[in-house]
There are 2 protein chains.
Amino acid sequence: MPSTKLIARLQAVVGLSDDDRGKLANMPHAVRQFADDEHIFRQGDRTSRCAIVMSGFLFRQKIVGSRSQILSIYLPGDIPDLHTLHLSLMDHDLVSAGPSTVAFVSHSFLNSMLVSSPTLTHVLWRDTLVDAAIFREWVANVGSRDALSRVAHLFCELAARLELVGLMEDNGFIFPLTQEHLADACGLSKVHTNRIVQALRRGGLIEWQNHHVKLPRRKELAELAGFMPDYLHFSDNKL
Amino acid sequence: MPSTKLIARLQAVVGLSDDDRGKLANMPHAVRQFADDEHIFRQGDRTSRCAIVMSGFLFRQKIVGSRSQILSIYLPGDIPDLHTLHLSLMDHDLVSAGPSTVAFVSHSFLNSMLVSSPTLTHVLWRDTLVDAAIFREWVANVGSRDALSRVAHLFCELAARLELVGLMEDNGFIFPLTQEHLADACGLSKVHTNRIVQALRRGGLIEWQNHHVKLPRRKELAELAGFMPDYLHFSDNKL
DNA sequence: CGCAAATTTGAAATCGTTCAAATCGGGTGG
DNA sequence: CCACCCGATTTGAACGATTTCAAATTTGCG
């Protein structure tokens with residue numbers, strides 16, 4: 001089942017009928033592994049299928065000048081390229097951070113599924129809108145917060161989203177990104193990002209070693225970050 | 001007709017059948033004027049209708065700490081809150097920059113229209129996806145470009161989008177925002193933004209007076225900004 | 001004409017970058 | 001099991017872009 005975590009996530013947020021769950025669970029798909037830093041697609045590509053993250057993290061990036069900017073991070077259960085259903089030209093790269101497993105489902109199948117179910121249309125459209133809401137928060141994060149709360153905010157968001165798909169354990173989670181990835185996501189230099197990480201460690205707000213992150217005091221971290229999870233729309237159900 | 005510019009824009013990008021154009025042209029709607037700085041809605045609100053910009057500029061903003069971050073700018077023909085069709089809780093403000101005219105169409109009407117037309121579903125879903133693509137570019141803009149190209153990039157984007165709805169004349173357009181708005185959109189202080197604007201003026205790249213902006217050398221400006229219009233998806237038609 | 005908002009100027013302070021080098025750490029091959 | 005190697009992290013110091021604060025000037029509107 002490519003979509004266990006996907007269904008878990010949608011289920012938690014909007015609720016699904018048995019029928020719709022069944023449709024999602026039985027999507028024809030092809031599974032593929034990606035290695036660290038391997039590209040799922042590149043800017044300028046066109047595609048006729050969508051990717052569902054099964055394990056590992058993916059991220060979107062744009063190269064601007066000599067910098068690489070990470071635009072968003074995708075976790076198991078996410079569909080990082082759902083937008084390709086309506087926008088075929090890729091305006092950025094999609095890359096694997098660490099090894100990952102991805103299931104691919106064809107556009108033609110997805111389209112037929114959506115025609116037959118207004119609910120699933122609503123749910124998947126909604127999913128792309130939450131994606132956009134997260135971009136907005138990132139604009140605010142990168143544009144308005146100082147380095148410390150910016151990095152803290154990213155950890156808060158990831159923790160909240162990982163919790164939703166059952167990948168948090170005792171406030172800790174597997175984190176395949178490097179400090180350089182973190183820097184690229186926050187629009188900071190890697191040297192400064194390193195100093196920020198050290199500051200957060202000294203403050204006892206994060207523990208990070210061996211691709212494993214722990215947030216022992218999430219409340220304080222969220223306060224420092226100014227993290228308001230409303231933009232994730234976990235409990236904003238229109239149905 | 002609330003939707004002249006909207007139809008022009010969709011027409012230019014995806015093409016519409018006479019039937020679909022008719023449906024859009026005949027949407028029942030209520031028109032309302034907004035004054036400078038007046039809020040169309042605020043963070044935390046819920047709404048049961050969508051706004052179509054008829055004249056003037058609107059912008060989305062988030063308050064983070066003591067700063068106000070502008071997340072996107074909406075022009076005539078845009079539907080700045082199409083996402084409310086599926087996400088009812090507002091995670092940001094929508095504000096009028098200068099006086100504006102807005103047409104409101106109820107969710108219930110829009111939903112019934114979408115059920116009856118897969119094409120319009122595609123077109124409007126697509127519209128929210130272009131919105132998201134613009135957010136991504138803004139993350140990259142604010143996260144990766146220096147102040148000069150950041151401001152230049154914003155002007156390039158607005159010019160391209162205004163052109164699409166016929167609001168550019170001789171490389172100039174009406175621009176109701178203040179330098180402080182520009183600063184809030186670019187994640188810069190207003191003092192520094194002012195110096196950047198002066199630099200662009202000195203370079204002959206922009207003229208700006210009386211709410212009127214002119215870009216006499218768009219090519220050079222685009223080069224300075226690293227502006228690549230692919231993310232606007234003007235010529236990326238899936239139908 | 002007069003007020004309030006918007007723009008402009010100057011100077012000092014700060015946050016973050018850059019460059020360069022050192023150290024750490026995990027995985028590989030012998 | 002150990003030595004080695006490469007990528008990732010860490011440190012230091014100088015530099016630079018942007019912010020902040022405070023005040024002056026200009027502009028547009030009533």
Side-chain angles (χ1 to χ4, degrees), chain A residues 35-38 57 59 64-70 95-99 141-154 174-202 206-213 224, chain B residues 35-38 57 59 64-70 95-99 141-154 174-202 206-213 224:
Chain A
D36 181 39
D37 212 43
E38 200 175 348
F57 285 28
F59 60 89
V64 17
S66 58
R67 269 187 51 83
S68 139
Q69 176 72 44
I70 292 183
V95 187
S96 184
N141 198 36
V142 170
S144 291
R145 278 189 259 266
D146 65 21
L148 189 67
S149 36
R150 204 183 295 179
V151 172
H153 193 280
L154 184 52
I174 294 168
F175 187 67
L177 306 199
T178 65
Q179 290 191 10
E180 189 160 5
H181 286 130
L182 196 55
D184 287 347
C186 292
L188 296 168
S189 72
K190 68 181 173 193
V191 171
H192 196 55
T193 302
N194 174 260
R195 295 192 232 257
I196 297 293
V197 167
Q198 291 178 56
L200 289 170
R201 280 209 263 249
R202 270 196 307 279
I206 72 166
E207 293 160 27
W208 178 2
Q209 59 219 289
N210 253 27
H211 299 288
H212 193 275
V213 165
L224 171 66
Chain B
D36 180 38
D37 211 42
E38 200 175 348
F57 285 27
F59 60 88
V64 15
S66 57
R67 270 188 51 84
S68 138
Q69 176 72 45
I70 292 183
V95 187
S96 183
N141 198 36
V142 170
S144 292
R145 278 188 260 265
D146 65 20
L148 189 68
S149 37
R150 204 184 297 180
V151 172
H153 193 278
L154 183 51
I174 294 168
F175 187 66
L177 306 199
T178 65
Q179 289 191 12
E180 188 160 5
H181 286 130
L182 196 55
D184 287 347
C186 292
L188 296 167
S189 72
K190 69 181 174 194
V191 171
H192 195 56
T193 301
N194 174 261
R195 293 192 235 256
I196 297 293
V197 167
Q198 291 178 56
L200 288 170
R201 279 208 264 250
R202 270 197 308 278
I206 73 168
E207 292 161 28
W208 178 2
Q209 60 219 287
N210 254 28
H211 298 286
H212 193 276
V213 165
L224 171 66

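These numbers come from the heavy atoms of this one structure, side chains and all, not from hydrogens, waters or symmetry mates. Below, read A as the first sequence line, B as the second, and so on, with proteins coming before strands; counting in each chain starts at 1.
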*Asks:* Taking distance alone, no hydrogens or angles, what donor-acceptor pairs closer than 3.5 Å link side-chain atoms of residues 187-194 of chain B to residues at least two apart or in another chain?
*Replies:*
residue  : atom : partner  : partner atom : Å
B:Ser189 : OG   : B:His192 : N            : 3.1
B:Thr193 : OG1  : B:Ser189 : O            : 2.7
B:Asn194 : OD1  : B:Gln198 : NE2          : 2.3
B:Asn194 : ND2  : B:Gln179 : OE1          : 2.9

*Asks:* Which atom pairs link the protein and nucleotides 11-15 of chain D when you take only N or O atoms and keep those under 3.5 Å?
*Replies:*
residue : atom : partner  : partner atom : Å
D:dT11  : OP2  : A:Gln198 : OE1          : 2.3
D:dT11  : OP2  : A:Gln198 : NE2          : 3.1
D:dG12  : N7   : A:Arg195 : NH1          : 3.3
D:dG12  : O6   : A:Arg195 : NH2          : 3.4
D:dA13  : N6   : A:Arg195 : NH2          : 3.1

*Asks:* Is it the case that over 12 heavy atoms from other parts of the model lie below 6.0 angstrom from the CD1 atom of B:Ile174?
*Replies:*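 Not buried by this count: 12 neighbours or fewer within 6.0 Å.
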
*Asks:* Determine whether A:Leu200 and A:Leu224 make a side-chain contact, defined as any pair of heavy atoms from C-beta on separated by less than 4.5 Å.
*Replies:* yes

*Asks:* Hey, is the main chain of A:Cys186 close enough, under 3.5 Å, to the side chain of A:Arg150 for a donor-acceptor pair?
*Replies:* yes

*Asks:* Specify the separation, in whole Å, of atom CG of A:Asp36 and atom P of D:dA8.
*Replies:* 7 Å

*Asks:* How close or far is atom P of C:dA6 from atom CG of B:Asp37, stated in whole angstroms?
*Replies:*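 Rounding to the nearest Å, CG of B:Asp37 and P of C:dA6 are 8 Å apart.
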
*Asks:* Nearest-Å distance, CG (B:Leu200) to P (C:dT7)?
*Replies:*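 It is 15 Å, rounded to the nearest whole Å.
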
*Asks:* Looking across every strand, which nucleic acid part, if any, lies under 4.0 Å from B:Arg201 by heavy atom: base, sugar-phosphate, or nothing?
*Replies:* sugar-phosphate

*Asks:* Is it the case that over 12 heavy atoms from other parts of the model lie below 6.0 angstrom from the NE2 atom of B:His212?
*Replies:*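 For B:His212, atom NE2 is crowded (more than 12 foreign heavy atoms under 6.0 Å).
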
*Asks:* Write down the atom of B:Asp36, the atom of B:Ala97, and the distance for their closest heavy-atom approach.
*Replies:* OD1-C, 3.9 Å

*Asks:* Closer than 3.5 angstrom, by distance alone: can the side chain of B:Asp146 be matched with the main-chain N or O of B:Ser149 as a donor-acceptor pair?
*Replies:* yes

*Asks:* Is it true that B:Phe59 and B:His181 have ring centroids separated by less than 6.0 Å?
*Replies:* yes

*Asks:* Donor-acceptor check, side chain of A:Gln69 to backbone of A:Asp184, threshold 3.5 angstrom: yes or no?
*Replies:* yes

*Asks:* Which heavy atom in A:Gly98 sits nearest to a heavy atom in A:Pro176, and how many Å separate them?
*Replies:* CA-CB, 4.4 Å

*Asks:* Please confirm whether the backbone N or O of A:Pro99 pairs with a side-chain atom of A:Ser96, one donor and one acceptor, at under 3.5 Å?
*Replies:* no

*Asks:* Are A:Gln179 and D:dT10 close enough that a side-chain N or O sits under 4.0 Å from OP1 or OP2?
*Replies:* yes

*Asks:* Between A:His153 and A:Arg145, is there a side-chain heavy-atom distance shorter than 4.5 Å?
*Replies:* yes

*Asks:* Roughly how bent is the helix from C:dC1-D:dG30 to C:dG30-D:dC1 end to end, in steps of 10 degrees, with each end axis from five pairs?
*Replies:*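 Taking the rotation axis at each end, their angle is 50°.
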
*Asks:* Under the salt bridge (charged side-chain N to carboxylate O under 4.0 Å, His left out) test, which residues partner B:Glu38, sequence neighbours left out?
*Replies:* B:Arg32

*Asks:* Please round to the nearest 0.5 Å and tell me the distance separating atom CG of A:Leu182 and atom CZ of A:Phe175.
*Replies:* 5.5 Å

*Asks:* What is the distance from CG of A:Leu148 to C1' of C:dG16, rounded to the nearest Å?
*Replies:* 13 Å

*Asks:* Could you state the CD-P distance from B:Glu180 to C:dA6, rounded to the nearest angstrom?
*Replies:*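 Roughly 7 Å, once rounded to whole Å.
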
*Asks:* Report the distance from atom CD of A:Gln209 to atom C1' of D:dA8, rounded to the nearest whole Å.
*Replies:*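 The answer, rounded to whole Å, is 15 Å.
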
*Asks:* Distance check needed: C:dT17 C1' versus A:Lys190 NZ, whole Å only.
*Replies:*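 Between C1' of C:dT17 and NZ of A:Lys190: 13 Å.
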
*Asks:* Measure the distance from CZ on B:Arg67 to C1' on D:dT19 and round it to the nearest whole Å.
*Replies:*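 Rounded to the whole Å, the gap is 11 Å.
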
*Asks:* Counting only heavy atoms and a strict 4.0 angstrom limit, can you tell me which residues of residues 181-189 of chain B come near DNA chain D?
*Replies:* B:Gly187, B:Leu188, B:Ser189

*Asks:* So which protein nitrogen or oxygen atoms get under 3.5 Å of nucleotides 22-25 of chain C's nitrogens or oxygens?
*Replies:*
none

